[in-house]
Protein chains: 2
Amino acid sequence: MPRTTDGDGTPVPQRLLAAATRLFAEQGYDRTSVQEIVEAAGVTKGALYHYFGSKDDLLHEVYARVLRLQQERLDAFADADAPVEKRVRDAAADVVVTTIDNLDDASIFFRSMHQLSPEKNRQVRAERRRYHERFRALIEEGQRTGVFTKETPADLVVDYHFGSIHHLSTWYRPNGPLSPQEVADHLADLLLRALRP
Amino acid sequence: MPRTTDGDGTPVPQRLLAAATRLFAEQGYDRTSVQEIVEAAGVTKGALYHYFGSKDDLLHEVYARVLRLQQERLDAFADADAPVEKRVRDAAADVVVTTIDNLDDASIFFRSMHQLSPEKNRQVRAERRRYHERFRALIEEGQRTGVFTKETPADLVVDYHFGSIHHLSTWYRPNGPLSPQEVADHLADLLLRALRP
DNA sequence: CCGAACATACCGACTGGTTAGTCTGGCGCT
DNA sequence: AGCGCCAGACTAACCAGTCGGTATGTTCGG
């Protein structure tokens with residue numbers, strides 16, 4: 001058997017990605033050396049450059065993982081068979097819980113976009129835009145059917161809510177007084193109250 | 001006369017700070033070399049290290065400037081003689097306008113905190129906390145007097161709103177469809193509607 | 001009113017250290 | 001006997017900060 005799972009049981013590429021995620025979140029992308037990553041994963045540079053093309057690729061993988069996960073979840077909630085009000089609420093609360101469950105991913109996501117190569121940056125932006133559009137469409141549906149106020153442009157509403165998601169990794173602490181679900185409920189309440197006609 | 005204002009009219013320290021601010025916002029702190037900064041300011045390293053103790057100091061100056069400005073403005077609005085509802089609205093809208101007027105500062109502020117030395121980081125956090133407390137006190141006053149709903153903890157409300165401020169530098173474009181004041185009005189509306197009992 | 005001593009503002013070559021990525025080679029499986 | 005998987009030494013580039021040096025004011029005794 002090749003040594004793909006040397007030492008611990010999980011395969012090397014995943015160990016590398018996990019180590020990179022943690023270190024990027026703790027110290028930032030630029031402050032984390034490739035050497036640190038391979039040491040944390042218990043391998044050497046040879047292994048890293050066997051599986052990934054560059055340090056940049058590693059970061060890109062983190063983005064791809066987050067984007068895929070969030071888009072899947074949003075689609076599921078948005079396509080559900082329920083009144084708009086409930087679909088928005090569920091989607092808005094879910095993204096909060098998911099973000100808190102992966103706080104490392106979140107802090108990397110919002111702090112390190114500009115360290116991606118221009119090409120990968122564009123790709124991530126495009127994916128992110130798809131996500132934004134889907135959410136906006138939901139809000140607009142509510143506005144058209146009269147459940148939500150039309151006073152604020154849907155775009156702005158989406159940016160308003162995702163600002164607070166973005167901000168979570170700055171202030172949320174797992175040992176704080178509120179559980180992820182409680183935070184999610186409060187933030188979803190705020191959004192829905194702001195949308196009330 | 002010493003050459004403090006060689007070439008262009010503004011003094012060297014301010015030219016350095018301005019160049020650093022722009023470059024930090026464009027490329028990030030770690031990606032910006034001291035050499036780039038001094039070239040953009042039209043001086044050399046000697047000048048920079050004459051006025052600033054380190055590259056880190058330069059970043060700290062940016063933070064100090066932003067914090068001082070925002071705290072002053074918040075205090076002014078919060079201490080005004082008007083109903084809580086109006087004071088909150090004015091303060092919430094003003095921070096949006098001020099942030100948009102200094103978008104570079106804003107992107108640096110939220111992306112580069114963790115690149116500050118531990119000591120300076122603590123200092124900035126402490127200042128930021130004062131700001132947060134002041135704003136929270138305003139919200140709580142409104143909740144006590146029954147103008148705002150008590151359903152959401154004031155702390156969370158503050159983080160919710162400042163998440164969107166934080167996020168502004170990600171999506172706002174000066175040549176977009178909305179003026180800073182329009183964005184500010186919309187965001188303040190969203191906040192006040194979310195607080196409506 | 002003058003000039004020596006001092007102070008301020010800056011220049012730019014240099015240093016010691018770090019970094020991403022490469023490359024050669026070898027181990028173990030099929 | 002070949003190939004996927006990986007080790008680890010190596011390289012070329014870069015970077016923050018230092019330091020001796022110079023040019024331009026300012027102060028103050030005589």
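In the text below, chain A, chain B and the rest are named by the order of the sequence lines, each starting its count at 1. Keep in mind that the numbers below use all heavy atoms, side chains included, and drop hydrogens, waters and symmetry copies.
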Exercise. On the ring face of Tyr29(A), is Lys55(A) found with NZ or CZ under 6.0 Å from the centre and within 45° of the axis?
Worked result: yes
Exercise. When you measure from the side chain of His50(B), which nucleotide among dC5(D), dG21(C), dA9(C) comes out closest?
Worked result: dA9(C)
Exercise. Between atom CG in Asp30(B) and atom C1' in dC14(D), what is the gap in whole Å?
Worked result: 14 Å
For this session: To the nearest Å, give me how far apart CG (Leu16(B)) and C1' (dA9(C)) are.
Result: 12 Å
Problem set entry | Length of the line joining Leu48(B):CG and dT18(D):C1', which is rounded to integer Å | 13 Å
Problem set entry | Whole-Å distance separating the CD atom of Gln35(B) from the C1' atom of dA13(D) | 15 Å
Problem set entry | Length of the line joining Glu39(A):CD and dT18(C):C1', which is rounded to integer Å | 14 Å
For this session: Find which nucleotide of DNA chain C each of Gly46(B) and Gly46(A) is nearest to by heavy atoms, and output the residue with the more 5' nucleotide.
Result: Gly46(B)
Exercise. Where the side chain of Thr44(B) is concerned, which of dA16(D), dC6(D), dC11(C) is the nearest nucleotide?
Worked result: dC11(C)
Exercise. Of the nucleotides dC6(D), dC11(C), dT18(D), which one has an atom closest to the side chain of Tyr49(B)?
Worked result: dT18(D)
Exercise. Taking 4.0 angstrom as the limit, do Arg130(B) and Glu133(B) come out as a salt bridge?
Worked result: no
For this session: Taking only the side-chain heavy atoms of Val34(B) (C-beta and beyond), determine which of dC6(D), dC11(C), dA16(D) contains the nearest atom.
Result: dA16(D)
Exercise. Over how many whole Å does the gap from Phe52(B) atom CZ to dA16(D) atom C1' extend?
Worked result: 16 Å
Problem set entry | Donor-acceptor pair present, Lys45(A) side chain and dG21(C) base, under 3.5 Å | yes
Exercise. Reckon Ser33(A) touches a base, only the sugar-phosphate, or nothing at all at heavy-atom distances under 4.0 Å?
Worked result: sugar-phosphate
Exercise. Are the ring centres of Phe162(A) and Phe110(A) closer than 6.0 Å?
Worked result: no
For this session: Kindly state whether the ring of His167(B) and the ring of His167(A) have centres lying under 6.0 angstrom apart.
Result: no
For this session: Mind calculating the distance between NZ (Lys55(A)) and P (dC14(D)) to the nearest angstrom?
Result: 16 Å
Problem set entry | Gap between atoms CG and P, on Leu59(B) and dG17(D) respectively (whole Å) | 12 Å
For this session: Calculate, to the nearest 0.5 Å, the distance between atoms OG1 and CD belonging to Thr32(B) and Glu26(B) respectively.
Result: 8.0 Å
